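One structure is given below, encoded as C-alpha cells.
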Number of protein chains: 2
Amino acid sequence: MPESRPRNIPEATVARLAVYLRVLAGLADDGRSHVSSGELATAAGVNPAGLRKDLSHLGPCGVRGVGYSVAGLRDRLTETLGGARSRPCVLVGAGRLGSALADYSGFPSRGFEFVALLDTDPATVGSAVGGLTVRPVAELETVVAETRASIGVITTPAEVAQSVCDRLVTAGVRSILNFAPVALAVPAGVDVRKVDLSVELQVLAFLDQQRDTSPELGVPDVVRPLPARAGAR
Amino acid sequence: MPESRPRNIPEATVARLAVYLRVLAGLADDGRSHVSSGELATAAGVNPAGLRKDLSHLGPCGVRGVGYSVAGLRDRLTETLGGARSRPCVLVGAGRLGSALADYSGFPSRGFEFVALLDTDPATVGSAVGGLTVRPVAELETVVAETRASIGVITTPAEVAQSVCDRLVTAGVRSILNFAPVALAVPAGVDVRKVDLSVELQVLAFLDQQRDTSPELGVPDVVRPLPARAGAR
DNA sequence: CCGACTTTGTTCAGGCGTTCACAAGCGGTT
DNA sequence: AACCGCTTGTGAACGCCTGAACAAAGTCGG
C-alpha cells in the first residue's frame, strides 16, 4: 500500500471529497461494486472533470475503462479525510439548535461522536439529549481534558461565543465549528469553520429580488423537464 | 436618491454583505454614528480592502476621511439584500433541526418569517413550534399559494428531499435552502443553497489530521495573545 | 493476438476572487 | 484660504478554482 500523499489539498476540494464519500457509502449499501466518474458527479452535483481532478489529489485510485471501485475509493477517502477512528466532539450551548445537532443521526456513522453537551442554563443542565446528559459549562476544561476532544461545536448566543471559544482553545481544542453569528478570533494553528444561517437566507433573498427586478424573462410557472441540474451548489 | 445599481454582484460578496449588515445593526443599537472600513472589517472577520471592494459594488456610500454612516450604510445594504419587506418562508420537515430553525430568534429581525411548518409524521402534525402549528405536508401547494412564500427550507430526511423540492418548485417557490445531505436537481431559474453539517465536521477532521501528521511545530498548548484573527472564515 | 471502445488522469486556457498599493477627496486646523 | 492627516475608492497583479479538450491505459469482443 503506497502511503497517502499528504500534499496540500485545497479546502474546497476537501469539502467535495466529503460529499463523494457520503455518496459512495450509499452506493456500497446498495451493493454496487464500481462507479464511473460521470455517475458519481451527477449524484454529487458537480462536474465530472472536476471530480476527477479532485480525486487526482489522492493519486491514481481508479481503473481506466472501468471506473472506480466503490469500496476501495470509499476507504481511501475515509482515510484521507481523517481516518475511520471516532472523533470526540464537545458541544457548547444545548439550546434547540445544539440539541438537534447532538441528536443528528448522520454524525455517528461518519465517525463523529458527541461526548459532552454543555450549557449555562440551570434549567437545561441535567436534561438528557440524545443519550447524553447536559452538564454545566463550568466543567468545560475537565471534559475536554478527560475526553481529549479535538472538535468543539459552538451553538451559544453570540455574546458569549468568543469567551467559550477562548476556553475551548485554551483547553486544547484546535478545530471549532461555529454557529454563533460572530467572527471568532483564534490564535494561529486553530481552525474555525462558520455556519451562518441568517446569511444563507439573506443570499437567497438577494437572488430572489435580483430575479424579480432585472429580467422579466425566464419566469417558469410550469416546471420544465429538469435539465439535469442548475443552480445547485 | 440614486437608484441602486443592479450590476451583478458576486455571490461571495453578497454573503459578506449580509455579515456587514448584521454588524452594522449591532453598531446602530450601540448608538454609533460612523465606522471606518478597518473597524468594520475586523468585526466581520475580513480584510479591510476587501470590504471596501465589496461595498464598491453599491456605488460610493462612504465619506472619505470620515468613514461610513452606520445608519446610511445599514439601510443601503438592507435594500440591496432584498429590501426590508418581510419574506415568507415555508419549512418542510419539522424535526429537531426544523423546529430549531423555526424558533430561531435571529430570523424575524432580518425580515424572514416562517409562515408554515409542514411534516409527514402524524405525531408531529398538530404540535406547536415557535407560535406555529405543524401542518400535514399534503397542504404544501395550498400553503405556498396562500402565503405566496418565496423561500422554502428543507429539513427532511435525504430520501424525500428531492420530491419535496419538486413540489415546492412546482408550487412556485424559487429559492430553496437545503439541509438534507443530497444534491437537489432543480430547473433553471431556481436557486438552491445547501448547508451540509456533516461536511463541515469532515473538513475540520481533515484539517485536524493534517496538523497532527505533517508539521510537529506550532502546537500551542497555551493560548497566545490573539493576533487579531487567524483561521476564521 | 489484435483492434476498438470506454474511462481515467492530466494539461491548458479562462474566469473569478482576493490582495496589495496608490491616487482622490473630505474635514479639521491654523 | 491653504495645509495636513485620515479614509475611501479603484486599478493592477497574483493566485486559485473551474471547465473543457486530449493523451494514456485497460478491457471486451472477434
Side-chain angles (χ1 to χ4, degrees), chain A residues 2 5 7-20 24 27 32-70 72-73 76-77 80 183 203 228-233, chain B residues 2 5 7-20 24 27 32-70 72-73 76-77 80 183 203 228-233:
Chain A
R5 313 190 175 173
R7 294 182 292 181
N8 47 342
I9 304 179
E11 201 162 306
T13 294
V14 174
R16 284 189 296 269
L17 291 181
V19 177
Y20 308 152
L24 285 168
L27 291 174
R32 294 284 303 273
S33 64
H34 288 279
V35 215
S36 69
S37 65
E39 188 179 359
L40 244 182
T42 55
V46 300
N47 188 295
L51 181 141
R52 292 200 295 272
K53 183 176 258 309
D54 287 340
L55 261 45
S56 72
H57 285 108
L58 322 177
C61 47
V63 180
R64 292 164 193 253
V66 176
Y68 299 94
S69 159
V70 171
L73 186 55
R76 188 151 204 175
L77 282 178
T80 303
V203 172
R229 44 171 245 98
R233 190 202 162 199
Chain B
R5 313 192 175 173
R7 293 182 293 181
N8 46 344
I9 305 179
E11 200 164 306
T13 294
V14 174
R16 284 190 296 268
L17 292 181
V19 176
Y20 307 153
L24 284 168
L27 290 174
R32 294 284 303 272
S33 65
H34 288 278
V35 215
S36 68
S37 64
E39 187 178 0
L40 244 182
T42 55
V46 299
N47 188 296
L51 182 141
R52 292 200 296 272
K53 186 172 261 304
D54 286 340
L55 261 46
S56 73
H57 286 108
L58 322 178
C61 46
V63 181
R64 296 162 124 96
V66 176
Y68 300 93
S69 159
V70 171
L73 187 54
R76 189 151 205 177
L77 282 179
T80 304
V203 172
R229 48 170 242 98
R233 190 207 161 196

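A, B, ... follow the sequence lines: proteins, then strands. Residue 1 opens every chain. Quantities reported herein were computed from a predicted structural model and do not represent experimental measurements. FYI, side chains are in, hydrogens and waters are out, and symmetry mates aren't considered; it's all heavy atoms of this structure.
- If you measure from atom CZ of B/R64 to atom C1' of D/dT8, you get 5 Å, rounded to the nearest angstrom.
- Between the CG atom of A/L73 and the P atom of C/dT7 there is a distance of 16 Å, rounded to whole Å.
- A straight line from CG of A/L51 to P of D/dC17 spans 16 Å, rounded to a whole angstrom.
- Within the 4.0 angstrom heavy-atom criterion, no nucleotide atom of any strand lies near A/G50.
- Where A/G62 and A/G65 each meet DNA chain C at their nearest nucleotide, the meeting point lying more 5' is that of A/G65.
- Here D/dT18 is the nucleotide among C/dG27, D/dT18, C/dC20 with the atom lying nearest to any side-chain atom of A/A12.
- Across C/dG27, C/dG17, C/dT10, the shortest atom-to-atom separation from the side chain of A/S56 is found for C/dT10.
- The side chain of B/A49 sits closest to C/dA21 out of D/dT8, C/dA21, C/dG9.
- Remark on DNA chain D: of its neighbouring residues B/S37 and A/V63, the 5'-side contact belongs to B/S37, judged by nearest-heavy-atom nucleotide.
- In this entry the distance linking CG of A/D54 with P of D/dC17 reads 10 Å, nearest Å.
- For the pair B/K53 NZ and D/dT8 P, the computed distance is 15 Å after rounding to whole Å.
- Atom pair B/H57:NE2 and D/dG11:P shows a separation of 12 Å (rounding to whole Å applied).
- Side-chain N/O atoms of B/R16 include one lying less than 4.0 angstrom from OP1 or OP2 on C/dT18.
- In terms of heavy-atom proximity, B/A43 sits nearest to A/A183 at O-CB, 3.7 Å.
- Residues A/C61 and A/Y68 approach most closely at O-CD2, 3.6 Å, considering heavy atoms.
- Within the structure, a side-chain polar atom (N or O) of A/Y68 is placed less than 4.0 Å from OP1 or OP2 of C/dG9.
- Listed candidates were D/dC17, C/dG27, C/dG25. Nearest to the side chain of B/V66 is C/dG27.
- Residue A/R52 places none of its side-chain N or O atoms closer than 4.0 Å to OP1 or OP2 of D/dA21.
- With rounding to the nearest 0.5 Å, the separation of OG1 in A/T13 from CG in A/L51 is 10.5 Å.
- Residue A/N47 has its side chain nearest to D/dA20 when only C/dC26, D/dA20, C/dT7 are considered.
- Although no hydrogens or angles enter the test, the distance criterion places no donor-acceptor pair under 3.5 Å between the side chain of A/R32 and the main chain of A/V70.
- Taking atom CG of B/L40 as the reference point, atom C1' of D/dT7 lies 13 Å away to the nearest angstrom.
- Here the rule is side chain to side chain contact (heavy atoms under 4.5 Å, CB included) with B/L40, and of B/V35, B/V46, B/V19 only B/V35 fits it.
- Atom pair B/E11:CD and D/dC17:C1' shows a separation of 15 Å (rounding to whole Å applied).
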